[in-house]
Amino acid sequence: MPRPRKRPPGAAGPEKKGQSEKRTKSENLGEASAKVENSSLQKTSAFKKCGRNLTNYWLMKSEPESRLEKGVDVKFSIEDLKAQPKQTACWDGVRNYQARNFLRAMKLEEEAFFYHSNCKEPGIVGLMKIVKEAYPDHTQFEKNNPHYDPSSQEDNPKWSMVDVQFVRMMKRFISLAELKTYHQSHKATGGPLKDMALFTHQRLSIQPLTQEEFDFILSLEENEPS
DNA sequence: GCCAACGTTGGC
DNA sequence: GCCAACGTTGGC
């Protein structure tokens with residue numbers, strides 16, 4: 001879903017035109033749910049805390065295997081990020097309101113896990129950091145982009161992106177299967193991954209993590225793969 | 001390739 | 001504003 005690609009504004013590939021669609025209703029829903037998110041109480045998930053913490057942690061999904069969307073390859077792996085100038089790329093293509101709102105909540109220097117999705121071995125592969133806070137995603141205005149949004153106006157862009165920079169690879173690959181095992185047992189024991197968004201909001205491509213979730217996943221690096 | 005989960009659209 | 005139909009995500 002996020003199709004982060006490094007690309008100067010204005011570049012475009014071959015492909016067909018996007019279809020028109022309604023916008024106002026769902027946009028308002030998106031805005032509203034963003035506010036509701038932060039107002040709810042409790043100490044549990046990053047969802048509830050997000051926006052009130054000094055520092056947030058994130059997990060961002062991208063597809064490491066080639067897949068054509070409207071004729072354009074949306075592949076972007078952590079190796080692709082490493083290969084960019086300054087190992088930095090814009091995280092474009094996010095077209096979900098909840099995910100967008102999390103992008104907009106990201107602050108400079110916050111850390112994010114790079115997660116490989118929709119692939120043979122889904123899981124966390126590395127760490128990156130936010131090096132530019134949210135600004136308009138230029139791909140929403142590019143007619144030939146797979147994520148072109150004809151309902152978005154230049155003077156009031158709907159979609160945002162951030163810039164991320166590669167920090168390091170994980171010391172070992174942390175698979176979805178392993179995380180799921182911990183999530184399952186932590187639901188029973190009250191452990192740190194009991195509310196992890198990867199499982200409680202499975203389709204979200206940009207997700208917040210609590211300090212506890214983040215630290216626990218980092219601690220897994222030191223263990224044998226399970 | 002299948003399909004569950006879930007977000008979006010649009011008729012009423 | 002409801003909700004069925006539809007489209008997308010993403011694991012398996």
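Model, not experiment: these values are computed from the prediction. Side-chain atoms are counted along with the backbone in the values below, which use heavy atoms only and exclude waters and symmetry mates. Here is how names work: the chains are called A, B, and so on, in the same order as the sequence lines, proteins then strands, and each is numbered from 1.
In this structure, A:Y115 reaches the sugar-phosphate backbone alone: every heavy-atom distance under 4.0 Å involves primed, P, OP1 or OP2 atoms, never a base.
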List, with names and distances, any nitrogen or oxygen atoms from the protein found under 3.5 Å away from nitrogen or oxygen atoms belonging to nucleotides 2-4 of chain B.
none

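Remark: the A:S66 side chain and the A:D73 side chain contain an N/O donor-acceptor pair separated by less than 3.5 Å.
Rounded to whole angstrom, the span from the CG atom of A:N118 across to the P atom of B:dG1 amounts to 13 Å. Taking atom CZ on A:R95 and atom P on B:dT9, their separation rounds to 13 Å, with Å as the unit. Here the P atom of nucleotide C:dT8 and the CG atom of A:D149 are 13 Å apart, to the nearest Å. Taking atom CZ of residue A:F76 and atom C1' of nucleotide C:dG10, one finds them 19 Å apart after rounding to whole Å. Taking atom CZ on A:F199 and atom C1' on B:dC6, their separation rounds to 17 Å, with Å as the unit. A:N96 has its CG atom 10 Å from the C1' atom of B:dT8, to the nearest Å. The distance between atom NZ of A:K180 and atom P of C:dG10, rounded to the nearest whole Å, is 13 Å. Distance A:H116 NE2 to C:dC12 P: 17 Å, rounded to the nearest Å.
In summary, the aromatic rings of A:H116 and A:F173 are positioned with their centroids too far apart to meet the 6.0 Å limit.
For the pair A:D149 and A:R95, the salt-bridge criterion is not met [side-chain N within less than 4.0 Å of a carboxylate O]. Between A:E109 and A:K107 there is no salt bridge, since none of the side-chain N atoms of the basic residue sits less than 4.0 Å from a carboxylate O of the acidic one.
Counting heavy atoms from C-beta outward, A:P208 and A:W58 have side chains that approach closer than 4.5 Å. Between A:V94 and A:F102 the shortest side-chain heavy-atom distance does not fall below 4.5 Å.
Checking the phosphate oxygens (OP1, OP2) of C:dT9, no side-chain nitrogen or oxygen of A:K61 falls inside 4.0 Å.
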